[in-house]
Protein chains: 2
Amino acid sequence: MKNNTPITLKFLAEKLKMSVSTVSKALNNYPTINEYTKKRVQEMARDLHFTPNKSAINLKEKKSRIIGIILPNLLDHFFTRSIYGVEQFATQNGYNIIISQTHDDLQKEIQSANMLLRSRVDGLIVAISKHTQDFSHLDQFENMGIPVVYYTRNPSFNLNCHKVLGNTFQGCYQATKFLIDRGHQKIAYLGGPKMINFTHDRFNGYINALKDNNVPFSSELVAYTDFDKENTISAIKNLFANEDQNPTALVAFKEPILFDAIKYLKSINYPKFSDIECIGFGNTSFISYLDSPPIASIEENPESVGENAMRLLLQLINKEIQIEDYQKVMVDCKLVVH
Amino acid sequence: MKNNTPITLKFLAEKLKMSVSTVSKALNNYPTINEYTKKRVQEMARDLHFTPNKSAINLKEKKSRIIGIILPNLLDHFFTRSIYGVEQFATQNGYNIIISQTHDDLQKEIQSANMLLRSRVDGLIVAISKHTQDFSHLDQFENMGIPVVYYTRNPSFNLNCHKVLGNTFQGCYQATKFLIDRGHQKIAYLGGPKMINFTHDRFNGYINALKDNNVPFSSELVAYTDFDKENTISAIKNLFANEDQNPTALVAFKEPILFDAIKYLKSINYPKFSDIECIGFGNTSFISYLDSPPIASIEENPESVGENAMRLLLQLINKEIQIEDYQKVMVDCKLVVH
DNA sequence: TTGTAGGCGTTATCAA
DNA sequence: TTGATAACGCCTACAA
């Protein structure tokens, strides 16, 4: 069953004793081709398992039907869920995706970009590394007319670009509002690293919810962690050490640090521990197995973020949106009560 | 900075007033080209951001430096972790990966396969869908000389193929042995769906460990679940209802069902609950947040499975291993004590 | 209705 | 040391 000679149009043409162009047209259902001829060609193509060579078509059509994705890490839940969305939507529209991870290393990001440029991807979706401040390796794409959509990670040094971001402000606002509505007046906020944009967006959501509901703000109710476990613990200590403040609720940057916080408070038998109500970003499926679960989660809908990035990219590829008409798409979070 | 005319060798040649072939050779550092010429060409190429067109090269060289990956679902942790391994290793060796998910749907799997065939991937790594019994859509690849490595999901209907699988027998053996060494004589086994190969491999690991250590086997200590929550609960009820048996330890097919089991036993205040020691496949990072965590986890090393699949594929592509010399690679699990 | 010819961008062979 | 030419596989305008 193995065949060494690759099946090409030329090969089919010789077998059928007709010209390459007739074979091509027959396979592509050209109206000018005789029905009987079409049938003969199509049968032969099927029997011989003819598969058109995409490289040849790409070369001819000057497109690849491939979307490049650059992201930091394939072990991060958020990213894998977002890829799920991208892949789904891409496949539905006849595109394949090539994925490249950078491990948050700028050099790797540059390499990945160059690789994908060579591959003549029709579009690029990218979550930049932590250290990306110069965008020349990504700007190359737009210079060649290949649209780029930045997603998840906000490229704040790059003003003129298309972005799709989670509406983390809204998510945090909603969570805070939810806690206020449940009667809490002392709501602590545990933020992430200060260099991350999201940290501030979320803080703004928190503080705006307080303000809009006439809940007094106290800076003692705010702390930050760089995700390191010890760092998180000491932040939590600060928040809960002050007897005057005594927060009764907590909004956390993401669930893993929230779980660390809960674990810690429990371990020290924090006085009114069972009264404290917590919410974090994430909505991990394991929450149902926790003995002291958060009262709700802020679901960031990564699949939707991915899908929206792909949708925007497709509109750019199809020129439904002009490439210089820079878009900013915000994908809302959803509060999930457990 | 935008340029409409694509930068090709021809374009460079015209600018430099030399022939296309000279430009090509200069860029590829041919020894026959004058140093000064090389320099001129390379500078111009850099300044104009020349990027070789991979489609053209693919067409010429009859290879794509792309590896196709077909798998059921990008939301499954095991698969995303395995992709991490594949991507790493592929990138290191100059290959890109195209990922396609099938959602365990055979038709999608066939579509994906055809897509990747058109793309002339240099190799294919595939975790087959639950319903794949006919392999013709995948056999096409080998018929065209493109190597295929099956991984994770064992294609038991397909004898002549390369496979890379987790050594789930060994993992379960080790876990059972570990519990025996801790003095347990009544160890329950909670298996997965009976149609899955792994269910039986793991059961064999369990039973062999019992046998090798002279622990009597009792069929009342074995139950199966199809992962449905209610189904899991009723399986657990069966295992623990029988007063004569009273298992003191439990080995579970995977952690989510183990967590369901633990939660249930706790909820009914099962008498000697705190004495029961459990182990499941997975090693979820959230274990540290559980109040009644398993005593150990069976780590399946998905990244390593992915990397091994990619390594084997590379050897096949490079003809270091003959394509008919079918390989079976087992990747050992590791018992992680918490 | 079918065939001829040229081109997509690159590399390689051979001639100059 | 450089250049002309053919080829990779496919598509299509135009000629027959």
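Note on naming: letters A, B, ... go to the chains in the order of the sequence lines (proteins, then strands), and numbering restarts at 1 for each one. Here the structure is a predicted model, which means the values were calculated and not measured.
Checking K17(B) against L59(B), the closest nucleotide of DNA chain D that is more toward the 5' end is the one next to K17(B). Comparing K25(B) and N53(B) by the nucleotide of DNA chain C that holds the closest heavy atom to each, the one mapping nearer the 5' end is N53(B).
At a threshold of 4.5 Å between non-hydrogen side-chain atoms, the residues I67(B) and L314(B) do not count as touching. Taking the side chain as every heavy atom from C-beta outward, Y151(A) and L165(A) never approach each other to under 4.5 Å. Looking only at side-chain heavy atoms (C-beta outward), T37(A) and M18(A) come within less than 4.5 Å of each other.
Using cut-offs of 30° and 60° for the angle between ring planes, the F135(A) and Y150(A) rings count as perpendicular.
Across all strands shown, F50(B) has heavy atoms under 4.0 Å from sugar-phosphate atoms exclusively, and none from any base. Residue-level contact check: T8(B) touches the backbone only, with heavy atoms under 4.0 Å from sugar-phosphate atoms and none from bases. Residue contacts shown for N28(B) are limited to sugar-phosphate atoms, with no base heavy atom under 4.0 Å away. Note on T37(B): only backbone sugar-phosphate atoms sit closer than 4.0 angstrom, heavy atoms only; bases stay farther off.
Side-chain atoms of K60(B) come within donor-acceptor range of the base of dT11(C), with a qualifying N/O pair under 3.5 Å.
Checked against a 6.0 Å centroid threshold, the rings of Y84(B) and H103(A) count as neighbours.
Going from atom CG of N29(A) over to atom P of dT1(C) covers 13 Å, rounded to whole Å. At whole-Å resolution of the value, CZ in R120(A) and P in dC8(C) are 14 Å apart. We find that NZ of K10(B) is positioned 7 Å from P of dG9(C), with the value rounded to whole Å. Distance CG (L27(B)) to C1' (dA12(C)): 15 Å, rounded to an integer number of Å. Rounded to a whole Å, the CD atom of E61(B) is 17 Å from the P atom of dG9(C). Look at CG on N34(A): it is 15 Å from C1' on dG3(C), rounded to the nearest Å. Look at NZ on K38(A): it is 13 Å from C1' on dT2(C), rounded to the nearest Å.
Taking 4.0 angstrom as the limit, T22(A) places none of its side-chain polar atoms (N or O) nearer than this to OP1 or OP2 of dT2(C). Side-chain N/O atoms of S24(B) include one lying less than 4.0 angstrom from OP1 or OP2 on dT11(C).
Across all non-hydrogen atoms, the minimal contact from R118(A) to P52(B) is NH1-CG, 3.2 Å. Across every non-hydrogen atom of H137(B) and A113(B), the tightest pair is O-CB, 3.8 Å.
Closest approach to the T32(A) side chain among dT10(C), dT4(C), dT2(C) is made by dT2(C) (side chain taken as heavy atoms from C-beta onward). Closest approach to the Y30(B) side chain among dC8(C), dT1(C), dA12(C) is made by dA12(C) (side chain taken as heavy atoms from C-beta onward). Nearest to the side chain of L9(B), among dT11(C), dT2(C), dT13(C), sits dT11(C).
Of the inter-residue distances, the one linking Q92(B) atom CD with E307(B) atom CD reads 7.0 Å to the nearest 0.5 angstrom.
From the 5' end on, the contacts that DNA chain D makes with chain B at under 4.0 Å to a non-hydrogen atom open and close at dT1(D) to dG9(D).
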